[in-house]
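Positions are given from 1, in the same order as the sequence printed here.
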Amino acid sequence: MMVKIFKITAISEGFSYLILLANMLFIKPTNFVLYKTLLFPIGMTHGILFIVYFYLAFIIKSQQKWTVKDLAAVLLGSLIPFGAFFIEKKYIKNA
């Protein structure tokens, strides 16, 4: 059950990161007011998902039989754009 929740969280966190980047790269230069309006809800959503991603990664570490190196890769994957999608495909089993 926790693995499935982590999988959903990883995908959601990846999308929220990309939306946050798109807001910064595409909307900010053209419409600063819209950028500021969208920044808080998108940023807060991404922040919550990021924290849940880290928390769940530590919880399912033993269940997935990850080494410290695997856990480090999973945690690092949340910091890189598209990383959460790669992690979800490579490291999440039995979901």
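- Of all heavy-atom pairs between A57 and L75, the closest is CB-CD2, 3.8 Å.
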Without placing hydrogens or testing angles, list every side-chain donor-acceptor pair under 3.5 Å for residues 22-31, not counting sequence neighbours.
from, atom 1, to, atom 2, distance (Å)
T30, OG1, F26, O, 3.2
T30, OG1, I27, O, 3.2
N31, OD1, L34, N, 3.2

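- The other residues sharing a hydrophobic cluster with L76 are I80, where clustering joins ILVMFWY side chains under 4.5 Å apart.
- A pairwise comparison of heavy atoms in I87 and A73 identifies CD1-O, 3.4 Å as the closest pair.
- Among residues two or more places apart in sequence or in another chain, the side-chain contact (heavy atoms from CB on, under 4.5 Å) test is passed with K90 by F86.
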Between L39 and L20, does a side chain to side chain contact (heavy atoms under 4.5 Å, CB included) hold up when you go through it step by step? CA-CA 7 Å; L39 186 61; L20 191 61; 4.1 Å; yes

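- In this view, F54 and F50 satisfy the ring pair (Phe, Tyr, Trp, His ring centres under 6.0 Å) rule, not counting sequence neighbours.
- Residues forming a side-chain contact (heavy atoms from CB on, under 4.5 Å) with V68 (at least two apart in sequence, or on another chain): none.
- As a member of the Ile/Leu/Val/Met/Phe/Trp/Tyr network built from side-chain separations under 4.5 Å, I8 groups with nothing else and remains a singleton.
- Here the shortest heavy-atom pairing between P41 and T45 reads O-OG1, 2.7 Å.
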Applying side chain to side chain contact (heavy atoms under 4.5 Å, CB included), run through V74 and Y53 and close with a yes or a no. CA-CA 9 Å; V74 168; Y53 180 96; 3.6 Å; yes

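- Tracing side-chain contacts under 4.5 Å through hydrophobic residues (I, L, V, M, F, W, Y), one reaches F58 starting from V52; they form part of the same cluster.
- Partners of F82 according to the ring pair (Phe, Tyr, Trp, His ring centres under 6.0 Å) rule, which considers only residues two or more places apart in sequence or in another chain, do not exist here.
- When the side-chain hydrogen bond (donor to acceptor under 3.5 Å, both in side chains) test is applied to S16, the partners found at least two apart in sequence or on another chain are H46.
- F15 is not listed as a side-chain neighbour of L49, based on a closest heavy-atom distance of 4.5 Å or more.
- Considering all non-hydrogen atoms of both residues, T67 and K61 come closest at O-CE, 4.5 Å.
- For residues 69-88, the set of pairs meeting the salt bridge (Lys or Arg N to Asp or Glu O under 4.0 Å) definition, not counting sequence neighbours, comprises K7-E88.
- Under the ring pair (Phe, Tyr, Trp, His ring centres under 6.0 Å) criterion, F32 pairs with Y35, sequence neighbours left out.
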Given the rule in the side chain to side chain contact (heavy atoms under 4.5 Å, CB included) test, do L18 and F85 qualify, once you have shown the distances and angles that lead to the verdict? CA-CA 11 Å; L18 294 177; F85 303 114; 3.7 Å; yes

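- When all heavy atoms of A10 and A84 are compared, the pair lying nearest together is O-CB, 3.3 Å.
- Applying the ring pair (Phe, Tyr, Trp, His ring centres under 6.0 Å) test to Y55 and every residue at least two apart in sequence or in another chain returns nothing.
- The side-chain contact (heavy atoms from CB on, under 4.5 Å) check on M44 picks up F40, I48, with sequence neighbours excluded.
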